[in-house]
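Just below is one structure, and these are the notes that go with it.
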Amino acid sequence: MQKKLPFVLAAAALVGSAAIAQQQSAVPAGAADAAIKAAFPGAPEEFVPRLSQDETMKQCSATRNDPPKALAEEIQKREKATIEYPADGKFIGDWKKGEALAQSGYGLRFTDYPARRANGGNCYACHQISKQEVSYGTLGPSLYQYGKLRDYKEADVKATYEKIYNSHSALPCSNMPRFGSNKVLTIEQIKDAVALLMSPESPVNKD
Amino acid sequence: MKFSTALVAAVCIGIASVFGVAVAQDAETEKAIERYRQMLKEDPWSNPGLLDSDRGEALWKTPRGPKNVSLEQCDLGKGPGKVEGAFAELPRYFKDADRVMDVETRLIWCMEKLQGFNPADLVKRPHPGGGQPVKELGAIATWIANQSAGQKFAPRFDHPKEKDVVALGEDLFFRRSGPMDFSCATCHSAEGLRIRLQGLPYLADPKEARKVVGEWPAYRVSSTHVMTMQHRLYDCYWQMRMPQLQMGSDASVALIAYLTKQAAGGEITAPGLKR
């Protein structure tokens, strides 16, 4: 019985997401996948896995990023389980390096191979962060004074790390990339990004 | 006329130098481009994209390819050789190909069937690099689009295959993939948002789609060439960290069909002018 329950729940979730997919789309299952596979012939080996979706991508696409509560919880739980924590238990790195990676949009495009430098986080593309940088996007919320507004609390430092590592662990079907889980940024880089947001000395909080 | 050409050239140089400076001046750039757009309305012949449109017209009429014939018998949907207004009804289902096709995909077909070109060659490096002029097929597409300028998008999408393609395009618009989990909707499904300082059209909303889709193919000031819609999508997928989108692929046609459906009723202004 104990063994069966998760199976039943999983089956119910599958039926649930299939129903949602049907509701949202008139296209036969698998048509989009097949079209995508055919649209990128001769993709380099490194890129082939990108043609497929993982479970979270599938569920978020099918629900147009608005998953019902049960599905949202399922996604959140699964994504949270992918988070790897720094071996030394410290979440705050160097905010100056964090600022540099927040500015950089380099990495993972087909023109970025072989890699000439570390991937960037491109945070400013979507967020206001420091006051000095006026060229920022508005797809995500403003992060100006992020740490100050949270009193630099330890729990928030950890939560910030988790959010950058895997945004879906905080907000299922978030538009933000899963920087850690998808290996866009390293653990050290994520610590630097946390420092940019959560260090009292960072221009995010100081100015 | 001479005066306005010189003035446009001066503004072009002005815009180019603005591009060289910090991104912080993007708002100023946008204003400069808006001024440029206004001048184009006053003197439509000064649009650099029209040079490519003219080149496209000449290419359409010139005997070319292994069979050494022109494209003048190419059927863009309104009958062989009928170009005016054809773009306004594309993409559409073509019985001879048993496929829905956008303007560029249809041109691949005509260049193969009428002129004897190898389609594999046409889709190999089909888009220009920065600073290079749009390729021949793109120039022809620009002319065809311009032959519907002033008209409104009036796609029918009543054939079952057209309906399927539009629905597939909508699915693809929301399909997340790649290491960044991006879909088209990541950037284009809300109003009034920006990436850095660049405004993003809300393409899932017909009101905004009608304003921008009809500008393509468009002359891009930042890359100094005409960019076709197929090239635009290729560039979006590049940014989404996906591989190189094949020109004329079903996915590309489906996305164009979806965007055109969203833009139905919007005016065609191609070639437009983009930053």
Side-chain angles (χ1 to χ4, degrees), chain A residues 21 24-28 31-44 46-54 56-58 60-65 105 107-112 119 122 124-126 133-140 167-168 173-179 182-184, chain B residues 22-27 120 123-124 129 163-183 185-200 204 233-235 237-255:
Chain A
Q24 299 268 359
S25 166
V27 179
D33 293 341
I36 285 294
K37 287 213 168 75
F40 299 96
E46 171 109 35
F47 281 77
V48 171
R50 304 184 189 184
L51 304 179
S52 307
Q53 294 178 299
D54 70 11
T56 295
M57 288 167 174
K58 279 183 201 161
C60 294
S61 303
T63 59
R64 307 268 163 97
N65 299 318
L108 303 171
R109 297 181 190 86
F110 57 73
T111 46
D112 293 336
N119 293 341
N122 213 9
Y124 280 107
C126 300
E133 181 52 85
V134 295
S135 173
Y136 59 85
T138 56
L139 284 160
S167 56
H168 297 246
C173 296
S174 165
N175 270 334
M176 186 164 118
R178 294 170 283 178
F179 288 105
N182 281 353
K183 310 275 181 235
V184 177
Chain B
V23 249
Q25 292 184 8
D26 272 15
V123 300
K124 203 161 116 191
K163 286 181 186 164
D164 287 351
V165 163
V166 170
L168 175 65
E170 184 170 0
D171 256 27
L172 293 173
F173 187 84
F174 288 95
R175 186 183 190 274
R176 300 181 71 165
S177 61
M180 300 292 202
D181 294 330
F182 287 155
S183 71
T186 305
C187 289
H188 298 290
S189 65
E191 207 177 331
L193 298 180
R194 316 188 306 242
I195 191 154
R196 287 282 183 161
L197 292 177
Q198 174 64 39
L200 298 161
L233 293 180
Y234 169 95
D235 214 41
Y237 274 112
W238 167 78
Q239 195 66 273
M240 287 157 70
R241 275 70 173 177
M242 291 289 276
Q244 302 189 46
L245 178 68
Q246 170 126 314
M247 183 160 82
S249 57
D250 286 346
S252 69
V253 174
L255 278 165

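Just so we're clear, the structure is a prediction, and the values are computed from it rather than from any experiment. Chain A is the first sequence line, chain B the second, and so forth, proteins listed ahead of strands; every chain is numbered from 1.
In terms of heavy-atom proximity, B:Arg175 sits nearest to A:Leu51 at NH2-O, 2.9 Å.
With respect to chain A, the highest number of heavy-atom pairs below 4.5 Å among B:Ala251, B:Pro179, B:Ala167 belongs to B:Pro179.
Residues passing the ring pair (Phe, Tyr, Trp, His ring centres under 6.0 Å) test with A:Phe179: none are found, sequence neighbours excluded. Residues that satisfy the ring pair (Phe, Tyr, Trp, His ring centres under 6.0 Å) test with A:Phe47, not counting sequence neighbours, are A:Tyr113.
Looking at B:Ile195, the atoms closer than 4.5 Å to chain A (heavy atoms on both sides) sit in the backbone and in the side chain alike. With a 4.5 angstrom heavy-atom cutoff, A:Thr111 touches chain B via backbone and side-chain atoms both. For a residue to count as touching a neighbouring chain, one of its non-hydrogen atoms must lie under 4.5 Å from one of that chain's; by this rule B:Ser252 does not touch chain A. Neither the backbone nor the side chain of B:Ser183 has a heavy atom closer than 4.5 Å to any heavy atom of chain A. Contacts of A:Asp54 with chain B are absent, with no heavy-atom separation under 4.5 Å from either backbone or side chain.
Paired with A:Arg50 under the rule side-chain contact (heavy atoms from CB on, under 4.5 Å), one option of B:Met240, B:Met242, B:Met180 passes, and it is B:Met242.
Annotation: the span from A:Leu139 atom CG to B:Leu193 atom CG amounts to 5.0 Å, rounded to 0.5 Å. Atom CZ in B:Arg241 sits 7.0 Å away from atom CG in A:Asp112 (nearest 0.5 Å). Interatomic distance, CZ of B:Arg196 versus OG of A:Ser135, reported as 4.5 Å (0.5 Å rounding). Once rounded to the nearest 0.5 Å, the distance linking CG of B:Asp181 with CD of A:Gln53 reads 9.5 Å. Between the CZ atom of A:Phe40 and the CD atom of B:Gln244 there is a distance of 10.0 Å, given to the nearest 0.5 Å.
Residues B:Tyr234 and A:Phe110 bring their aromatic ring centres within 6.0 Å.
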